[in-house]
Amino acid sequence: MLFGASASRGEPYIAASWPLTVLFAVAIPLGLLAFLKWVGQAFGDTVILSKKGINRNGVQRAGMVIRFWPWDQITRVSIHTTEIEGEPLHLLFAHTDPDGEAGFGFAINPKIDIGDIARIVEANGLPCRVVS
């Protein structure tokens with residue numbers, strides 16, 4: 001308690017440790033925010049392909065981000081494979097216009113079978129091109 005009544009004398013007092021109280025009031029939320037951001041970055045984003053569309057859940061700046069694109073807003077999907085430092089990297093691009101100029105993309109864990117992703121996309125009525 002920063003300001004209150006003394007239990008023994010009934011007199012008002014100001015706690016001697018108020019700087020420490022203010023420090024905790026600032027440090028604990030900032031520490032929690034930094035920890036949550038670190039956890040989000042350590043585990044990366046989650047991309048979900050469902051019957052309704054593509055979901056991306058992750059951390060961006062200081063908050064959680066949930067994005068959703070329904071299949072009817074996507075015109076086609078392409079999956080590209082490249083290597084970075086000798087390790088394969090799959091990139092999924094969802095195009096949102098017929099010319100393929102606009103859209104969004106994600107890096108995919110190399111352990112995930114890109115054939116499964118292509119089958120999910122095609123099952124939802126969209127063409128999926130796999131480029132190696």
Side-chain angles (χ1 to χ4, degrees):
M1 175 168 12
L2 291 176
F3 181 77
S6 172
S8 62
R9 294 178 293 225
E11 302 169 359
Y13 73 96
I14 297 176
S17 63
W18 72 266
L20 187 60
T21 303
V22 171
L23 176 69
F24 281 135
V26 172
I28 290 175
L30 290 177
L32 183 60
L33 179 65
F35 174 74
L36 291 175
K37 186 172 182 176
W38 174 81
V39 167
Q41 290 173 343
F43 292 104
D45 292 354
T46 301
V47 177
I48 303 166
L49 280 71
S50 70
K51 292 180 181 181
K52 294 181 179 182
I54 299 176
N55 243 47
R56 174 185 167 250
N57 304 332
V59 176
Q60 189 174 27
R61 294 188 189 101
M64 297 296 294
V65 174
I66 299 174
R67 294 286 317 264
F68 175 72
W69 297 271
W71 290 117
D72 61 1
Q73 290 182 2
I74 301 169
T75 56
R76 64 186 170 90
V77 174
S78 58
I79 301 171
H80 300 262
T81 302
T82 187
E83 279 192 16
I84 295 181
E85 297 179 2
E87 296 291 323
L89 177 67
H90 304 305
L91 303 168
L92 180 142
F93 293 101
H95 306 274
T96 56
D97 69 340
D99 300 329
E101 298 293 324
F104 54 93
F106 307 105
I108 303 170
N109 187 324
K111 296 176 184 175
I112 296 175
D113 183 16
I114 57 176
D116 289 343
I117 293 172
R119 283 188 285 280
I120 292 169
V121 170
E122 290 167 352
N124 286 288
L126 293 174
C128 184
R129 186 177 71 149
V130 178
V131 180
S132 295

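Position 1 is the first residue of the sequence, and the numbers go up from there.
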Query raised in the report: With a 4.5 Å limit on heavy-atom distance, are the side chains of F104 and I74 in contact?
Result: yes
Query raised in the report: Is a side-chain donor or acceptor of T75 paired with a backbone partner of H95 at a separation under 3.5 angstrom?
Result: yes
Requested in this report: Using the test salt bridge (charged side-chain N to carboxylate O under 4.0 Å, His left out), find all partners of R119 that sit at least two apart in sequence or belong to another chain.
Outcome: D113, D116
**Report entry** hydrophobic_cluster_shared for V130 and I120, side chain cutoff 4.5 Å
**Finding:** yes
Requested in this report: Working to the nearest 0.5 Å, report the span between CD1 of I79 and CD1 of I117.
Outcome: 5.0 Å
Query - I112-I114 co-clustered via ILVMFWY side chain contacts under 4.5 Å - result: yes
Query raised in the report: Honestly curious: do V47 and V65 fall in one hydrophobic cluster under the side-chain, below-4.5 Å linking rule?
Result: no
Query raised in the report: Between F93 and I108, is there a shared hydrophobic cluster once you connect ILVMFWY residues whose side-chain heavy atoms come closer than 4.5 Å?
Result: no
Report task. With sequence neighbours left out, write down each residue that passes side-chain contact (heavy atoms from CB on, under 4.5 Å) with L20, or none if nothing qualifies. Result -> S17, L23, F24
Query raised in the report: Any link between F106 and V121 through a network of hydrophobic side chains (Ile, Leu, Val, Met, Phe, Trp, Tyr) touching at under 4.5 Å?
Result: yes
Query raised in the report: Which heavy-atom pair separates P88 from P110 by the least distance, and what is that distance?
Result: O-CG, 3.5 Å
Requested in this report: First locate atom CG of N124, then atom CG of L49, and finally report the distance between them rounded to the nearest 0.5 Å.
Outcome: 8.0 Å
Report summary line: On a heavy-atom basis, the closest approach of A94 and I54 is CB-CD1, 4.3 Å
Report task. Kindly determine whether W69 and N55 satisfy side-chain contact (heavy atoms from CB on, under 4.5 Å), including the steps that lead there. Result -> CA-CA 7 Å; W69 297 271; N55 243 47; over 6 Å; no
Query raised in the report: Going by atom types only, do H80 and S78 share a side-chain donor-acceptor pair under 3.5 Å?
Result: yes
Report task. Would you give the length of the straight line joining atom OG1 of T82 to atom NE2 of H90, rounded to the nearest 0.5 angstrom? Result -> 11.0 Å
Report summary line: d(T96 OG1, R76 CZ) to nearest 0.5 Å is 10.5 Å
